[in-house]
2 protein chains.
Amino acid sequence: MTSSPSRPRSRRERPAKPALSHEAIVAAAVRVLEAEGLPRVTMRRLAQELDTGPASLYVYVANAAELHAAILEEYLGEVDLSPVTAAGDWRERLAAVLDSCTGVLLRHPALAHAALVARPSGPHYLALVEAVLALLHEGGVPDGQAAWGVDVLLQVATATAAEQSARQGEQAEREQAALTDALRAAPAATYPRIAALGDDLVSGAPEERLSWMFRAVVNGTRTTPRPA
Amino acid sequence: MTSSPSRPRSRRERPAKPALSHEAIVAAAVRVLEAEGLPRVTMRRLAQELDTGPASLYVYVANAAELHAAILEEYLGEVDLSPVTAAGDWRERLAAVLDSCTGVLLRHPALAHAALVARPSGPHYLALVEAVLALLHEGGVPDGQAAWGVDVLLQVATATAAEQSARQGEQAEREQAALTDALRAAPAATYPRIAALGDDLVSGAPEERLSWMFRAVVNGTRTTPRPA
DNA sequence: ACCTGAACACCGTTCAAGT
DNA sequence: ACCTGAACACCGTTCAAGT
């Protein structure tokens, strides 16, 4: 955000050469992500966006992985935490927070994938952990179980988004079809339970399944004591 | 490593130019994976290993992602399914199968990561699904819940391995330390629950936590009815 | 002291041209 | 018909050299 050195304009089309900084790089990354998708968020593309060479970015960012984590932190701020203080059943409000989290990750597919690799530790991530812990506490879940349960819950939210987002495009649809076919064609002699359950294995809308998953994991967290 | 064209040998050090096939490519991939790690399992490296150009591989493999899925299928054959027919508590035997699955994925780190992206559908994967279903059935878990539960269980096994394997190397250790610090330093005013739980959030050995996770998800699967 | 051009060592995938 | 050399369009990261 440098000022134009010649004549000032009330509204410039684009800042000629914004000063480099960690913040500016993350902002550029978000811009490119929104406009061109995460595969294009590369050090080189970002350098181009910031009108410099790729080497310059390494003054502010350790590597590409750290950058991905920073982008993730940024987006975690979009998770709707209002259900924490809303009225209603704590389970439903917890599911709402987790649904929002999955939704944010799904909105920018490959981001979810980054979420599994990079462990964030910024304020937005902490706020999300706090929200889940607060709702588990409200539901009377013992502290020790809540402490470990928050991990599984966020993992399910993240992994589901990562899976879903990976299964986009024609190739992934063929893979999904291959799995459905393989399950249906599984011989009852070798795979009796698969045969017995049949289409039930792939039944239900994704949201329905995800919602059940969250409830199941919450119930498990509530009822499973930690080892002594 | 070409064979000498002059005199024949009873035992060549290495086949001069193995015939190309999907099988041969996967075998070469496993070889390179074991010797050099997954980052080196690239189309180009494999082509070199098979003494040809990268373009030739595309006659037998659609793309790099499909190849990763094939490698994963291969390794899933190493999962120990013997607990299915062993004696003892079904929960413990189910945990043993899932532990073995996580173990296989952890043995070759980045493989787990591929497992989240590529949905396999080969016989080894089906056998794993069958094993989990059989044990849930033995435990009296209703069919519908088992059908959806197997997804969460394998997801937890996979995601845990992916997380763990991503957290290797110096950089990842610093990230983990940053998270621990951030949790400890979280001000009680903004993050009361995090502050209340303290070190409990990062307590326990990884295996202990994983074992608890499996038990919690199994319990949740057993007790959470599917929507009508 | 701070920044970066240019290079190093790679990628996946395609396609025209060979056998 | 089957295979592939060479090219296209990229990567992340480093470091010597500039200002």
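Proteins come first, then strands; the chains are lettered A, B, ... in the order of their sequence lines, and each starts at number 1. The figures that follow rest on heavy atoms only: side chains count, while hydrogens, waters and symmetry mates do not.
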Nucleotide [N], atom [atom2] - distance to [atom1] of [X] in whole Å:
X     : N      : atom1 : atom2 : value
A:L46 : D:dG12 : CG    : P     : 9 Å
B:L57 : D:dC3  : CG    : C1'   : 12 Å
B:Y60 : C:dG12 : OH    : C1'   : 19 Å
B:D51 : D:dG5  : CG    : P     : 10 Å
A:R45 : C:dC11 : CZ    : P     : 25 Å
B:E66 : C:dG12 : CD    : C1'   : 14 Å
B:L50 : D:dC3  : CG    : P     : 13 Å
A:H22 : C:dC3  : NE2   : C1'   : 18 Å

Could you tell me which nucleotide pairs with [N] by Watson-Crick or G-U wobble geometry, both distances under 3.5 Å, or answer none if nothing does?
N      : value
C:dC3  : none
D:dC10 : none
D:dA17 : none

side-chain contact (heavy atoms from CB on, under 4.5 Å) between B:T221 and A:W212, worked out: CA-CA 9 Å; B:T221 299; A:W212 178 85; 4.0 Å; yes
[Y] backbone acceptor or donor facing [X] side chain under 3.5 Å:
X      : Y      : result
B:S100 : B:D80  : yes
B:E36  : B:V41  : no
A:E130 : B:I194 : yes
A:R45  : A:A29  : no

Dump every N/O contact between nucleotides 13-17 of chain D and the protein below 3.5 Å, one line per pair.
unit_1 : atom_1 : unit_2 : atom_2 : d
D:dT13 : OP2    : A:Y58  : OH     : 2.7
D:dT13 : OP2    : A:A64  : N      : 3.1
D:dT13 : O5'    : A:Y58  : OH     : 3.2

Neighbour count >12 (heavy atoms, 6.0 Å) for atom CD, A:E23: no
Any side-chain heavy-atom pair of B:E207 and B:S211 under 4.5 Å: no
